[in-house]
2 protein chains.
Amino acid sequence: MKTETRRTPPEPRWLDDVEMAAWRGYIETVAALGAALDADLAPHGLAIGDYEVLVRLSDAPGHQLRMCDLAGKLRLSPSGLTRRLDGLVKGGLVQRDPSSDDRRVMLATLTERGLQTLTQAAPDHVESVRSRFLDQLSLTEIEVLAGAFNKLRASLETGSCSAPRDPQ
Amino acid sequence: MKTETRRTPPEPRWLDDVEMAAWRGYIETVAALGAALDADLAPHGLAIGDYEVLVRLSDAPGHQLRMCDLAGKLRLSPSGLTRRLDGLVKGGLVQRDPSSDDRRVMLATLTERGLQTLTQAAPDHVESVRSRFLDQLSLTEIEVLAGAFNKLRASLETGSCSAPRDPQ
DNA sequence: TGCAACTACTTGCGTACGCAACCTTCGCGG
DNA sequence: CCGCGAAGGTTGCGTACGCAAGTAGTTGCA
């Protein structure tokens, strides 16, 4: 749309130049960055989504999490997580264990092989994040970004399942 | 792709707290923000992707663009764009016109109805972007974000089709 | 104790998208 | 002109995911 302020019923406060730069920049950077990170991780046979699953599990006590909690952390729907795990289980990186506490619950558990894969991939991924993201920015910018994302995230907070708020 | 460092990795430079905050914040904000904007736009019967198509067309001379150029601007694959247009064409918001210059080319053209839909949706969308994004941040933050995204985008530049670099 | 309501997960179905294969058309060297 | 490679677009196929419905198990409440 043109940044034209013509007659429009209510009150469309169009974006000024800086706002537009921030917004368009956001939109386009997100797409490009996601694609680049995915490509960087491909040699390890993992998609970003897979990697995120492994990270969350490796962070968890006993290297395992309830499906529901994991879905919350990953912002995936239950069915989405089920099927993502299908792939990881088939690859032997994760296994499903029924919970003894609550027999409705399935625990996703990182296998030895999964941990090994993650351990191999993590340094490369971190390096990828650095080269694509952090290295391009000054310390000040990184600090401002961290603060800004924190604000944005807080204002978008929803919450699902019975997942306890995820720290960090 | 990346510097090969395997086998007794020479100290992967892990992320410190600020870096991690920026990165995790980015990851989680992107997901939440995208979902929120999509939801805000749903009442107009448009997905964000549809909206983006309409915006690009409305910006173009004659309200039309070659498929290939449009795909470049939207970072969509040719087939992805074909099918997204299918939906918009079926909805009467866009029409396909064969180019008279080059008979390989299809021109996507914004219809009167498409322009009308965009005109109705745009103020709401802008308001959505404001309330979810810009209003949460200070002017300084917005400026820093704009600059940061600009740097990131520049370092990720690829280019596709014969699309001329898209300004702004 | 018994049943209704809720929770955790899975499955069926629909959508969005990328890749590869496939036409058509263009442009170029002979 | 012919042939050939390249470019623009569409279609077939596979993957990822969300929603709604279904199943199994649990909890609350009388």
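Atoms considered below: every heavy atom in the structure, side chains included; atoms not considered: hydrogens, waters and symmetry mates. Throughout, a chain's letter reflects where its sequence line sits, starting with A, and its residues are numbered from 1.
Under the salt bridge (charged side-chain N to carboxylate O under 4.0 Å, His left out) criterion, A:R83 pairs with no residue, sequence neighbours left out. Contacts of A:R113 classified as side-chain hydrogen bond (donor to acceptor under 3.5 Å, both in side chains), with partners at least two apart in sequence or in another chain: none. In this structure, B:S99 has no side-chain hydrogen bond (donor to acceptor under 3.5 Å, both in side chains) partners at least two apart in sequence or on a different chain. Not counting sequence neighbours, the partners of B:Q95 by the side-chain hydrogen bond (donor to acceptor under 3.5 Å, both in side chains) test are B:D97.
A ring-ring contact (aromatic ring centres under 6.0 Å, His included) check over residues 101-129 of chain B, counting only residues at least two apart or in different chains, returns the pairs B:Y51-B:H125.
Here the P atom of nucleotide C:dA16 and the CD atom of B:E52 are 16 Å apart, to the nearest Å. Atom C1' of nucleotide D:dC19 and atom CG of B:D38 are separated by 14 Å, given to the nearest angstrom. Distance A:R75 CZ to D:dA16 C1': 19 Å, rounded to the nearest Å. Rounded to whole angstrom, the span from the CG atom of A:L74 across to the C1' atom of D:dA16 amounts to 14 Å. The interatomic distance linking B:R96 (CZ) with D:dG9 (P) rounds to 10 Å, in whole Å. Put simply, CG on A:D86 is 14 Å from P on C:dC9, counting in whole angstrom units. In this structure, CG of A:L70 is placed 16 Å from C1' of C:dT10, rounded to the nearest angstrom. In this structure, B:D50 atom CG and C:dT15 atom P are separated by 13 Å, rounded to whole Å.
Note on B:L76: only backbone sugar-phosphate atoms sit closer than 4.0 angstrom, heavy atoms only; bases stay farther off.
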Every protein N/O within reach of nucleotides 19-26 of chain C N/O, cut-off under 3.5 Å:
unit_1: C:dC19; atom_1: N4; unit_2: B:S79; atom_2: OG; d: 2.5
unit_1: C:dC26; atom_1: OP1; unit_2: B:R103; atom_2: N; d: 3.1

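Salt-bridge formation is detected for the pair A:R13/B:E127: a Lys NZ or Arg NE/NH1/NH2 atom is positioned less than 4.0 Å from an Asp or Glu carboxylate oxygen.
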